[in-house]
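Note on naming: letters A, B, ... go to the chains in the order of the sequence lines (proteins, then strands), and numbering restarts at 1 for each one. Keep in mind it's a predicted model, so treat the numbers as computed, not measured.
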Number of protein chains: 2
Amino acid sequence: MSSAVEPFAETETLSLGERAYRRLRDSIVQGTLSAGSRISERSLASALGISAQPVREALRRLEQDGLVVTLPRRGTIVAEFGLERLAELGRIRAALEGVAAALAAERMTGEDLASLGEVVRGMRAATAAADTEALAELNERFHAILQGATGNMFLVRSLEALRAYDDLGRLRAIGSAPKDMPKALREHVSILAALRARDPVLSEARMRAHVLRSLTTNGVLSAPRKRPA
Amino acid sequence: MSSAVEPFAETETLSLGERAYRRLRDSIVQGTLSAGSRISERSLASALGISAQPVREALRRLEQDGLVVTLPRRGTIVAEFGLERLAELGRIRAALEGVAAALAAERMTGEDLASLGEVVRGMRAATAAADTEALAELNERFHAILQGATGNMFLVRSLEALRAYDDLGRLRAIGSAPKDMPKALREHVSILAALRARDPVLSEARMRAHVLRSLTTNGVLSAPRKRPA
DNA sequence: AAGTGCCACCTGCTATAGCAGATGTCCATG
DNA sequence: CATGGACATCTGCTATAGCAGGTGGCACTT
């Protein structure tokens, strides 16, 4: 386990607990810390070159995210997730992103809409060039701008946690086929249109459908299940 | 502030951090710790008769719940919530409870359905007797059984956090009029019917509508807004 | 050889001490 | 009287030390 984690490199402005949290989070999401691995507060602390408290703090937060379970006086291990569980979390994320879209449709400023338009324009170019890497980043920006426009920290935090599971599922399933890139582009365009029209209901429906469709093509969600609205 | 919190009474089996977390959570929800109150790790620790670490741990978790914000090196204060924010959180909760209902419709065992039937039967009696207190408890059981049937810890945890905001909103608005009790009963009955039919889409729609309607009669949600499906 | 109790070790958990940074007060200065 | 700066004091944050409980293995017994 000490081989999976390295000490911190440079002095940053974030607290050690925060840094340890993100570090562990990334390690779990990227699979560096595989499911079932036992994590010791002390050994991990010495591996990171810090004390035990920040590590413990990070583990507590990860536990609240559900990425880790700790048996009192026994140990802490990274949680395991079957495909079924990942599918559940995907559906939850779809619902939350839908609500985020609805809120954004009501609250978004013209500046936000302009930023989104810029992102979508970039998506069109990246799709034409089949640049999957740029597309992934643009997709992240798209959702980040939208969620940020809601101004709701709870929503942002929850979706951030759910994204971790999403990445975790991406490891299990084979990478999404590049042939659905045009489809994703069309969906983003239609979502943006609904946002511009300031239609919460339509924005929510389209966003939710988009996330669900994305999950099915990723193999996380099996059936193209019937959905409301 | 030290007058709002008292030392722990007896030795329980839970960790001090966990106890402090729940204690503070309840105090915030019940309004004992009003919004904007400054919380000091040290003073709160001495008030509870424990050390500072468990308190800090609890504050970190509360921060992740969004109930508290902490400015580095400056202090920790309980977050403030306008009615608008509470309305947002209510809509989020409605969406999540909807997903929970959908999952429950797929996974619920016959035993779970029987328990729900029992609860609904109790609701019918309590509604006839206008016993609001029993009704509140039964309502809580109803949702608890349903959420537990999903077996999804993330969902349960998130909804638990959201319930805190819900209680917070209940303090602001005047108590729900007792005249909507029959309406709530009918909604619960219809939800149970959808669950028995194992219809995820219908269960979700009805549950979501139920939560939204409940929020509107509580005054948290203003308009009886149009909703999907 | 199989069962059993004991003990060293490891775990999460809590307490104490002390750090750097931010704040407010009080005094000297214009 | 107004203003700027130094210091006491508060804050969150981290490190060190030590606690109780749980595990595994080794020796001893039968």
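Distances shown here put every side-chain N or O of A/R56 at or beyond 4.0 Å from the OP1 or OP2 atom of D/dT14. Under 4.0 angstrom from either OP1 or OP2 of C/dT11 there lies no side-chain N or O belonging to A/T76. Here B/S40 reaches the OP1 or OP2 of D/dT11: one of its side-chain N or O atoms lies under 4.0 Å away.
Per the geometry, CZ belonging to A/R74 stands 16 Å off C1' belonging to D/dA20, to the nearest Å. As a whole-Å value, the separation of B/E18 CD from C/dT14 C1' is 15 Å. Spacing between atom CD of A/E57 and atom C1' of D/dC13 amounts to 8 Å, rounded to whole angstrom units. Atom-to-atom, CD1 of A/I50 to P of D/dC13 comes out at 14 Å; the value is rounded to the nearest Å. Across the protein-nucleic acid pair, A/L71 atom CG and C/dG12 atom P stand 10 Å apart, rounded to whole Å. As rounded to whole Å, 12 Å separates atom C1' of C/dT14 from atom CZ of B/R19. If you measure from atom CZ of B/R38 to atom P of C/dA22, you get 14 Å, rounded to the nearest angstrom. C/dT23 atom P lies 13 Å from atom CD1 of B/I77, rounded to whole Å.
For B/Q53 against C/dT16, a side-chain-to-base donor-acceptor contact under 3.5 Å is present. Taking only distance into account, the side chain of B/R42 meets the base of C/dG18 through a donor-acceptor pair shorter than 3.5 Å.
Considering all non-hydrogen atoms of both residues, B/A134 and B/A126 come closest at CB-CB, 4.4 Å. Taking every heavy atom of both residues into account, B/F154 and A/D65 meet most closely at CD1-O, 3.9 Å.
Enclosure of atom CZ in A/R141 is not indicated, since only 12 or fewer non-hydrogen atoms of other residues, nucleotides or ligands lie within 6.0 angstrom.
Under a 4.0 Å N-O distance rule, the pair B/R163/B/E140 does not qualify as a salt bridge.
A donor-acceptor pair shorter than 3.5 Å cannot be found between the side chains of A/S115 and A/D112.
Comparing B/A52 and A/E41 against DNA chain C, the residue whose closest nucleotide sits nearer the 5' end is A/E41. Nearest-nucleotide positions on DNA chain D for B/R73 and A/P54 put B/R73 closer to the 5' end.
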